[in-house]
Amino acid sequence: MLPALAHSPGADPLRAPLFDAQGRLMTYLRMSVTDRCNFRCAYCSPAHWAGKKDHLSPAELQRIAQVFARMGVRRVRLTGGEPLIRPDILEIVQRLRAVEGLEQVTMTTNASRLQALAAPLRAAGMDQLNISLDTLSPEAFRRISPMGELADVLAGIDAAVEAGFPQLKLNVVVMKGVNDGEVPALVAYAHARRIIPRFIELMPFGQGEGIPTQALIERLMASGMPMVADDAPQGPHSGPARYYRTPTGHVGFVSPMTQNFCSGCNRVRVAANGDLRSCLGGREQSPLHVLIRGGATDERLAVAIRGSLGLKPDGHRFTEAGAHDQLLPMMGIGG
Ligand code: SAM
């Protein structure tokens with residue numbers, strides 16, 4: 001039997017654990033703070049994407065995080081678009097760090113602004129950064145992110161290392177004929193800085209052809225790297241990555257295409273404009289901003305959140321024919 005959804009009559013919508021309709025417990029909130037990006041990578045953002053004008057304010061983001069924390073969410077990841085292009089990003093981090101019940105505030109970033117912001121982010125209470133870097137080759141970088149500068153990213157990563165974050169991870173999306181020859185070099189680059197590299201299978205949001213995790217593991221082993229399955233870096237807020245131990249450090253793999261992990265999904269998303277999205281691969285949304293700006297109480301927000309999670313699909317449909325046409329842009333949802 002499924003756990004009763006807590007918007008059922010009599011249940012306290014703010015206190016009951018946050019289950020979705022499939023009985024999965026939600027403890028992890030991804031908040032997009034902007035649907036704009038200074039990189040516009042081809043696999044993430046459609047060429048025509050203009051973004052929405054109205055973004056949640058720092059106080060509104062805090063309010064939403066507070067309601068989720070009261071419902072048992074313990075970790076928030078800020079994402080986008082590129083979160084560091086928001087001029088008020090440090091205020092956002094400080095406000096989220098002040099939310100009672102939240103154990104971790106983390107961020108995914110392209111690192112382009114970390115030279116200036118790594119130390120202030122750490123001082124504002126940011127616990128952990130996931131940094132996206134797909135290539136060490138300036139030429140491949142220009143193909144993937146024509147609006148970005150590889151030198152800024154590399155300097156930003158060094159600044160993050162210098163700032164002393166307890167854990168840094170590197171997100172690498174591997175694409176056939178673009179960066180798939182660089183996997184050992186990216187592992188070496190990350191391990192030299194005590195960063196955990198994680199190779200992510202390409203999802204069908206934009207252009208490019210991905211490589212299955214198993215093929216990457218075989219290539220790494222063929223390159224002379226011994227690998228032993230070991231999920232030690234998972235910690236209390238485990239995500240979908242599977243880890244391997246190598247002589248120089250851990251390597252992670254996130255495999256949405258070949259090892260569907262939706263049955264263990266613990267996450268819910270809020271887009272930059274305040275639309276609650278229960279699934280990265282779904283289209284249903286619930287406009288939390290309308291409720292907040294209409295003066296809704298925390299209880300009313302909690303009921304809306306639970307209602308939306310009642311519609312969370314059992315899984316994505318990324319591998320089905322025509323999946324790309326069914327998806328909203330990654331950049332608009334918040335990756
Ligand atoms: N701008 C930030 C960044 O670059 O990290 C945060 C947003 S970005 C959407 C978050 C993560 O999603 C990045 O690590 C990016 O590589 C990943 N991503 C974007 N499009 C993807 C796709 N089609 N398949 C797999 N991962 C993707």
Side-chain angles (χ1 to χ4, degrees), residues 39 41 43-44 77 79 82 84 106-115 117-119 121-122 126-141 144-145 148-175 178-202 210-211 213-235 237-256 335:
F39 275 17
C41 304
Y43 54 72
C44 183
R77 175 171 297 279
T79 183
E82 171 48 42
L84 294 182
T106 65
M107 177 184 284
T108 306
T109 172
N110 64 27
S112 59
R113 302 210 169 163
L114 279 180
Q115 264 185 96
L117 286 170
L121 278 173
R122 184 75 190 116
M126 176 64 61
D127 293 294
Q128 188 189 310
L129 294 178
N130 283 8
I131 295 173
S132 305
L133 174 70
D134 299 326
T135 176
L136 296 166
S137 145
E139 192 204 339
F141 189 90
I144 300 167
S145 318
E149 281 296 336
L150 178 60
D152 291 343
V153 173
L154 298 180
I157 293 173
D158 287 340
V161 172
E162 187 71 20
F165 286 93
Q167 193 177 61
L168 293 171
K169 291 180 182 157
L170 202 68
N171 283 355
V172 185
V173 179
V174 186
M175 288 158 285
V178 180
N179 63 345
D180 56 327
E182 290 191 66
V183 174
L186 285 159
V187 171
Y189 169 86
H191 285 171
R193 291 161 181 77
R194 294 177 184 272
I195 300 174
I196 301 177
R198 304 181 329 151
F199 295 94
I200 304 174
E201 285 179 343
L202 183 76
I211 310 260
T213 288
Q214 189 54 36
L216 287 186
I217 292 173
E218 283 164 16
R219 281 194 204 180
L220 276 170
M221 291 175 89
S223 76
M225 185 178 290
M227 297 175 70
V228 179
D230 174 9
D231 280 337
Q234 284 286 21
H237 304 286
S238 64
R242 308 308 308 178
Y243 289 92
Y244 287 76
R245 190 162 24 87
T246 78
T248 52
H250 281 90
V251 179
F253 297 90
V254 183
S255 319

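Classification of R113 and D152 as a salt-bridged pair fails, no side-chain N sitting under 4.0 Å from a carboxylate O.
Taking NE2 from H250 and OH from Y244, the interatomic distance works out to 12.0 Å, rounded to the nearest 0.5 Å. Annotation: the span from L84 atom CG to L121 atom CG amounts to 5.5 Å, rounded to 0.5 Å. Note that the CD1 atom of I131 and the NZ atom of K169 stand 12.5 Å from one another [nearest 0.5 Å]. Rounded to the nearest 0.5 Å, atoms CD (E218) and OG (S223) are 12.5 Å apart. Atom OG1 of T248 and atom CE of M225 lie 5.0 Å apart (nearest 0.5 Å). Within the model, atoms CG of L117 and CG of L129 stand 10.5 Å from one another, a figure rounded to the nearest 0.5 Å.
Contact between L202 and G210 at its shortest, heavy atoms only, is CD2-N, 3.6 Å. Contact detail for M227 and I217: the closest heavy-atom pair is SD-O, 4.1 Å.
Judged by distance alone, the side chains of R77 and T108 do bring a donor and an acceptor atom under 3.5 Å apart. Judged purely by distance below 3.5 Å, without hydrogens or angles, the side chains of E149 and S112 never pair a donor atom with an acceptor atom.
The side-chain heavy atoms of V172 and L133, taken from C-beta on, include no pair separated by under 4.5 Å.
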* Given the rule in the side chain to side chain contact (heavy atoms under 4.5 Å, CB included) test, do T109 and L114 qualify, once you have shown the distances and angles that lead to the verdict? -> CA-CA 9 Å; T109 172; L114 279 180; 4.1 Å; yes
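Side-chain atoms of N179 come within 3.5 Å of backbone atoms of D134 as a donor-acceptor pair (strictly under, hydrogens ignored). Remark: the backbone N or O of V254 is not paired with any side-chain donor or acceptor of E201 at under 3.5 angstrom.
Among the candidates I144, I211, D180, the single residue satisfying the side-chain contact (heavy atoms from CB on, under 4.5 Å) test with M175 is I144.
Heavy-atom contacts from other residues, nucleotides or ligands closer than 6.0 Å to CD of Q128 number more than 12.
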